[in-house]
Amino acid sequence: MNPLNPQLVMFEEELKQIQKIADRLQQDSRARTILLIDKNGQLVAAAGESTSLDTTSLSSLVAGNVAATGGIAQLLKEDEFSAQFHEGKGMSIHMTLVGRRIILVVLFDKNTTQGLVRLRVKKAQDELVPIFEALATKSMTSQTTMLPDITDQDIENLFDT
Amino acid sequence: MSFINYSSREINCKLVYYGPGLCGKTTNLQYIYNKTRPEAKGKMISLATETERTLFFDFLPLSLGEIRGFKTRFHLYTVPGQVFYDASRKLILKGVDGVCFVADSQEGRFDANIESLENLRINLQEQGYDLDKLPYVVQYNKRDLPGAMSVEELSAALNPTRVPEFEAVAPNGTGVFDTLKALAKQVLAELRKGT
């Protein structure tokens, strides 16, 4: 296991807690969509209107964007830029880091303001950090026992179809 | 690094295509995209310059099917090959589960291959990875070109650790899926080990 980049594992119980926070953030901030994305570009959870969005592409691009911004921060001897905001005519996007691994993305329109979004994001962030910290600890200890018992044949079968 | 979601029963992995400029990394992804069933792929994204050189990365999400009730998804990325985009290349390697090194078989690109491979090793080390311990395959691309070196020569220089290697002509797909499969298999086997 790479200590700098541990594997992310998600369990039912934690996902429920995360989903609840994301749903509430979406309502309280009057945002269109909330996305929680792993820094490597994997979507972890979504709330609000997300069926019309290509969340896979969005996740990858947001992660790329955050990684590039992190690279800029390093060059400027900043630890990190913890928040980013892109303003559009119809839609705007607010991105914040949650702990070391997760990006909290809020997509919003004229129904709300950046101020309200920032305020509500702060609260959600405080609630999310301990959940992801607990997840990281849990995944370190339980992954070997909980991984499905994959055989060579299972892997072969994947490519035969 | 892979993301295992026990809640939605999904395994997500990240594969990176690395190699010198114009070796055919993007062409590999384009071929995979064109030949994959619509329901098994997402949109391919290319962040490229106006002259269609990769600026940041190409991205292609693939669903390979189910293993023991777990959906397996692979996110394929390419890096920009041009030497001066090194900062971007480092970022793409973050969280990688498996690497494919695409070599350009032409004699005139031999030094570029060597330089890129060294660069891969160094950039991985910076992220805490060891190329010798990571799922890894090598592809010798552009086998159809007249200036192509022999596979023996390329292999001796670029694949001293004898990882799986494949000959390819990416525009017509020769070797493209063989390379991908070999890498995906290694990644899943590694995941099973729980490392």
Side-chain angles (χ1 to χ4, degrees), chain A residues 1-16 18-19 37-45 54-61 63-72 74-75 101 138-139 142-161, chain B residues 1-14 41-45 47 56-57 59-61 63-70 72-73 75 77 87-88 90-97 124 126-130 133-134 177 180-182 184-189 191-195:
Chain A
M1 167 102 53
N2 180 350
L4 296 177
N5 215 333
Q7 189 172 63
L8 181 67
V9 181
M10 179 61 69
F11 301 95
E12 188 104 39
E13 185 192 341
E14 282 78 6
L15 188 65
K16 268 188 195 155
I18 291 163
Q19 191 64 51
I37 298 165
D38 163 41
K39 267 191 177 177
N40 298 329
Q42 316 275 9
L43 181 68
V44 175
D54 179 354
T55 50
T56 309
S57 300
L58 257 173
S59 302
S60 156
L61 288 171
N65 191 334
V66 167
T69 309
I72 295 170
Q74 269 190 340
L75 288 175
R101 283 292 303 266
K138 195 170 168 183
S139 58
S142 61
Q143 62 169 296
T144 42
T145 50
M146 287 198 63
L147 261 176
D149 192 17
I150 302 171
T151 63
D152 285 342
Q153 194 55 48
D154 289 333
I155 295 176
E156 285 292 329
N157 291 346
L158 204 54
F159 295 96
D160 291 341
T161 48
Chain B
M1 194 50 50
S2 55
F3 170 33
I4 303 175
N5 193 334
Y6 286 101
S7 182
S8 57
R9 297 189 77 74
E10 280 178 14
I11 299 172
N12 295 277
C13 304
K14 176 175 180 177
K41 68 186 175 191
K43 207 162 134 190
M44 178 163 166
I45 289 174
L47 301 180
F56 194 6
F57 59 78
F59 168 70
L60 172 60
S63 302
L64 282 187
E66 289 197 4
I67 283 192
R68 302 271 169 131
F70 274 73
T72 54
R73 294 186 205 280
H75 285 183
Y77 286 83
S88 305
K90 289 180 191 179
L91 298 177
I92 310 301
L93 283 177
K94 281 188 180 175
V96 66
D97 293 298
L124 280 172
E126 279 185 27
Q127 312 282 342
Y129 297 104
D130 180 352
K133 291 182 184 152
L134 207 62
F177 274 99
L180 172 64
K181 280 180 194 177
K185 279 182 190 175
Q186 276 190 50
V187 168
L188 291 171
L191 211 61
R192 176 179 56 184
K193 280 198 261 170
T195 50

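Here is the naming used below: chain letters follow the sequence lines, and residue numbers restart at 1 for every chain.
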Any side-chain heavy atom of Val44(A) within less than 4.5 Å of one from Phe3(B)? yes
Per-residue contact mode, Asp54(A) against chain B (heavy atom under 4.5 angstrom): side chain
When rounded to the nearest 0.5 Å, the distance separating OG1 of Thr151(A) from CD1 of Ile67(B) is 8.0 Å
Please classify the contact of Leu188(B) with chain A as side chain, backbone, both or neither, using a heavy-atom distance under 4.5 Å. both
Is chain A contacted by the side chain of Glu10(B), its backbone, both, or neither, given a heavy-atom distance below 4.5 Å? neither
For chain B, find which of Leu61(A), Asp38(A), Leu75(A) contributes the most heavy-atom pairs closer than 4.5 angstrom. Leu61(A)
Heavy atoms, side chains only, cut-off 4.5 Å: are Val66(A) and Ile37(A) in contact? no
Interface moiety of Ser88(B) toward chain A, non-hydrogen atoms closer than 4.5 Å: neither
Donor-acceptor pair, Lys90(B) side chain versus Gln127(B) backbone, under 3.5 Å? no
Check each atom of Leu43(A) against the heavy atoms of chain B and say whether the ones under 4.5 Å are side chain, backbone, both or neither. backbone
Under a 4.5 Å heavy-atom cut-off, does chain A meet the side chain of Phe59(B), its backbone, both or neither? side chain
What class does the angle between the rings of Tyr6(B) and Phe11(A) fall in, given that below 30° is parallel, 30 to 60° is tilted and above 60° is perpendicular? parallel
Tell me which of these, Glu66(B), Arg73(B), His75(B), Lys14(B), has more heavy-atom pairs under 4.5 Å with chain A than the rest. His75(B)
Heavy-atom check, side chain of Lys94(B) versus side chain of Lys39(A), under 4.5 Å: no
Quick one: are Leu8(A) and Arg101(A) in side-chain contact, heavy atoms under 4.5 Å? yes
Is Leu47(B) close to chain A through its backbone or its side chain, or both, or neither, when contacts mean heavy atoms under 4.5 Å? side chain
Just so I understand: if I count every heavy-atom pair under 4.5 Å between each of Ser60(A), Gly71(A), Ser57(A) and chain B, which residue has the most? Ser60(A)
Phe177(B) versus chain A, heavy atoms under 4.5 Å apart: side chain, backbone, both or neither? neither
Give the C-alpha distance, both sets of side-chain angles, the deciding distance and a yes or no for side-chain contact (heavy atoms from CB on, under 4.5 Å) between Leu93(B) and Glu126(B). CA-CA 10 Å; Leu93(B) 283 177; Glu126(B) 279 185 27; over 6 Å; no
